[in-house]
Amino acid sequence: MRVTVLGSGDAFGAGGRFHSAYLTEVPGATFLLDCGPSILQAAKRVQWDLGRLDAVLLTHLHGDHFGGVPFLFMEYRYETPRTRPLAIYGPEGTERRVKALFTALYERTASESLPFPVEYHELAPGETVPLGEARITPVRVQHVPELTAFAYRVEVEGRTFLYSGDTAWTEDLAANARGVDLFVCECSTFETQLDIHISYPEIAARARELGCRRLVLSHLGSEPLRRLEELRLECARDGMTLDL
Ligand SMILES: [Zn+2]
Ligand SMILES: [Zn+2]
């Protein structure tokens, strides 16, 4: 399994980083975990062939995590012509929100049929999705009260990768992260404590006892980025690859 961090930034593009997108390649499938609005810039900067994408899995319906889906549609409609299906997985409301966003951004193109089928799958927590040789399981996390938010657990060839999406620090998240091979964990703040995001001190205090083979902080906001030299945990960079 190879994970390429296409976007390690927060909603505000702190530090000039791209919005959330994690390209995940497993035997038999290539998919994105989240698809922020900067998806095309981020993919093209690492010269990744967008035609290889099989599916998009969205953690939640905040703009920095799903706002790039209409841009993917435009890419496949005009620049990288596509005829094979594109699967889009996400929590309840995914189909309605993606269609509404496409219409808001490109009204005429959205009103026409695309030259490829878009297959929407709205997932319940714990429902496992097989993609290639991977089994992907959405895990409910605590983010904003008005949305269902998932972390995703990706298992392939005896390796496990957990991507937190946006979440508060909870015991349930810790239980899911314990002992995984790769945990990409959001770290939006440092000194500000919120009940919708994780601050650096919260994850730093627990990092060792999680026993993850590799822990990488991402979704980095302006506070942790201002103190990058002080951080003792590995931080993601746009374009970095993580092999496991
Ligand atoms: Zn976010
Ligand atoms: Zn969010």
Side-chain angles (χ1 to χ4, degrees), residues 3-24 31-43 56-72 88-98 100-101 104 122-123 125 138-153 161-170 172-173 176-177 183-200 202-203 215-226 228 231 233 235-240:
V3 178
T4 303
V5 179
L6 293 181
S8 60
D10 66 353
F12 312 105
R17 292 171 179 240
F18 291 134
H19 287 132
S20 296
Y22 301 84
L23 174 63
T24 308
F31 51 91
L32 276 174
L33 298 176
D34 280 336
C35 184
S38 51
I39 184 62
L40 299 183
Q41 294 91 327
V56 177
L57 292 98
L58 303 171
T59 57
H60 66 296
L61 298 169
H62 272 160
D64 55 314
H65 296 257
F66 90 107
V69 176
F71 292 101
L72 270 187
I88 299 183
Y89 298 86
E92 58 188 333
T94 292
E95 180 169 1
R96 178 180 63 80
R97 293 285 304 276
V98 168
L101 183 63
E122 298 189 356
L123 301 172
V139 176
R140 181 89 196 240
V141 293
Q142 179 191 314
H143 186 37
V144 294
E146 69 273 20
L147 291 177
T148 297
F150 295 142
Y152 282 108
R153 191 177 174 93
F161 160 41
L162 181 72
Y163 165 52
S164 71
D166 282 4
T167 179
W169 182 264
T170 64
D172 196 47
L173 179 71
N176 274 286
F183 179 27
V184 172
C185 184
E186 77 123 288
C187 179
S188 298
T189 63
F190 192 112
E191 53 273 31
T192 304
Q193 292 257 354
L194 302 169
D195 60 2
I196 60 169
H197 285 298
I198 296 172
S199 67
Y200 180 80
E202 288 176 291
I203 179 74
L215 167 63
V216 179
L217 304 182
S218 195
H219 198 276
L220 293 156
S222 57
E223 290 181 0
L225 288 175
R226 263 197 296 274
L228 214 46
L231 310 189
L233 300 174
C235 292
R237 286 172 286 101
D238 290 359
M240 92 190 292

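For ligands, and for the atoms within them, numbers begin at 1 and follow the listed sequence.
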Requested in this report: Mind running side-chain hydrogen bond (donor to acceptor under 3.5 Å, both in side chains) on H62 and H143 for me, showing each step along the way?
Outcome: CA-CA 11 Å; H62 272 160; H143 186 37; 3.2 Å; yes
Query raised in the report: Heavy atoms, side chains only, cut-off 4.5 Å: are T59 and L33 in contact?
Result: no
Query raised in the report: Quick check: does H197 have an N/O/S atom under 2.8 Å of the Zn ion (ligand 2)?
Result: no
Query raised in the report: Is there an N/O/S atom in H65 that lies less than 2.8 Å from the Zn ion (ligand 2)?
Result: no
Query raised in the report: How open is the angle at the Zn ion (ligand 2) from atom NE2 of H60 over to atom NE2 of H143, rounded to 10 degrees?
Result: 100°
Report summary line: Result for side chain to side chain contact (heavy atoms under 4.5 Å, CB included) between L57 and one of Y152, Y163, F150 points to Y152
Report task. Take S20 and H219 through the test side-chain contact (heavy atoms from CB on, under 4.5 Å) and record every step on the way to the result. Result -> CA-CA 7 Å; S20 296; H219 198 276; 3.5 Å; yes
Query - Identity of the N, O or S atom of H62 lying closest to the Zn ion (ligand 2) - result: ND1
**Report entry** Nearest heavy atoms of S164 and L173, plus distance in Å
**Finding:** CB-CD1, 4.5 Å
Query raised in the report: With the Zn ion (ligand 1) at the center, what angle do OD2 from D166 and OD2 from D64 span, rounded to 10 degrees?
Result: 160°
Query raised in the report: Does H219 bring an N, O or S atom to under 2.8 Å of the Zn ion (ligand 1)?
Result: yes
